[in-house]
Enquirer: 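First the structure, then my questions, so here it is.
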Amino acid sequence: QVYLAESGGGFVQPGGSLTLSCAASGRTQEINEMGWYRQVPGKARELVASITSSGITYYEDSVKGRFTISGDVAESTVNLQMSSLTPEDSAVYYCHAKQVEIGWRVNTYDHWGQGTLVTISA
């Protein structure tokens, strides 16, 4: 069992900044990638940014240059620094962790936080 605790969501004005944090607890062994997704009503959940245990990062095109993901995957922590926020960034943001279990076979598990609401409005 893996539990992801998120914090940092809230209300911010356009052009403002906000930082989200996530920490995993429980059976966190073999988590090799963590990231942030977001979802708005009527749309599918989309990947915003991710980081691997080796430090490789990915950003969705619309957030490149504005968002920065960081953390320590080995310690099961991840942060998302968001700046130059626009109303289009408003969504429920979900922390995500990918766990790969290597035994007699390889098993991959996805874990999700409960979501934290980010609202950008004047």
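Computed over heavy atoms, backbone and side chain alike; hydrogens, waters and symmetry mates excluded.
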Enquirer: So how far is it from S70 OG to M34 CE, rounded to the nearest 0.5 Å?
Expert: 11.5 Å
Enquirer: Which heavy atom of N32 sits nearest a heavy atom of V73, and at what distance?
Expert: C-CG1, 3.7 Å
Enquirer: Roughly how far, to the nearest 0.5 Å, is the CZ atom of R45 from the CZ atom of R38?
Expert: 13.5 Å
Enquirer: Do V118 and M82 have side chains that approach each other closer than 4.5 Å (heavy atoms only, starting at C-beta)?
Expert: yes
Enquirer: Does either side chain, that of T52 or that of S54, offer a donor lying less than 3.5 Å from an acceptor on the other one?
Expert: yes
Enquirer: Check R66 against D89 and note the closest heavy-atom contact, atom names and distance.
Expert: NH1-OD2, 2.8 Å
Enquirer: Keeping to residues at least two apart or across chains, list the disulfide (SG to SG under 2.5 Å) pairs with something in residues 85-122.
Expert: C22-C95
Enquirer: Write out all pairs satisfying salt bridge (charged side-chain N to carboxylate O under 4.0 Å, His left out) with one or both partners inside residues 94-115, taking only residues at least two apart or from two chains.
Expert: E33-K98
Enquirer: CD1 of I69 to CD of Q81: how many Å apart, nearest 0.5 Å?
Expert: 12.0 Å
Enquirer: Apart from W112 itself, what residues make up its hydrophobic cluster, given side-chain heavy atom links below 4.5 Å?
Expert: Y37, L47, Y58, V92, Y94, L117
Enquirer: Do Y3 and T28 have side-chain heavy atoms sitting under 4.5 Å apart?
Expert: no
Enquirer: Ignoring hydrogens, what is the shortest heavy-atom contact between A49 and Y59? Give both atom names and the distance.
Expert: CB-CD2, 3.7 Å
Enquirer: Please give me the minimum heavy-atom distance between V100 and T108, naming the atom from each residue.
Expert: CG2-OG1, 4.1 Å
Enquirer: Would you say Q114 has more than 12 foreign heavy atoms packed within less than 6.0 Å of its CD?
Expert: no
Enquirer: Are a donor atom and an acceptor atom from the side chains of E75 and T77 found within less than 3.5 Å of each other?
Expert: no
Enquirer: For the atom pair OG (S83) and CG (L18), what is the distance rounded to the nearest 0.5 Å?
Expert: 11.0 Å
Enquirer: Does the Q99 side chain pair with the main chain of Q29, one donor and one acceptor, at a distance under 3.5 Å?
Expert: yes
Enquirer: When rounded to the nearest 0.5 angstrom, what is the spacing between CZ in F67 and CG in L20?
Expert: 8.5 Å
Enquirer: Determine the minimum heavy-atom distance between S76 and I31, stating which atoms define it.
Expert: OG-CD1, 3.8 Å
Enquirer: Closer than 3.5 angstrom, by distance alone: can the side chain of E60 be matched with the main-chain N or O of S62 as a donor-acceptor pair?
Expert: yes
Enquirer: Can you name the closest pair of heavy atoms from V63 and V48 and give their distance?
Expert: CG2-O, 3.7 Å
Enquirer: Within the distance-only criterion (no hydrogens, no angle test), does the side chain of S90 pair as donor or acceptor with the backbone N or O of I120 below 3.5 angstrom?
Expert: yes
Enquirer: Atom CG in L80, atom CD in E6: separation rounded to 0.5 Å?
Expert: 11.5 Å
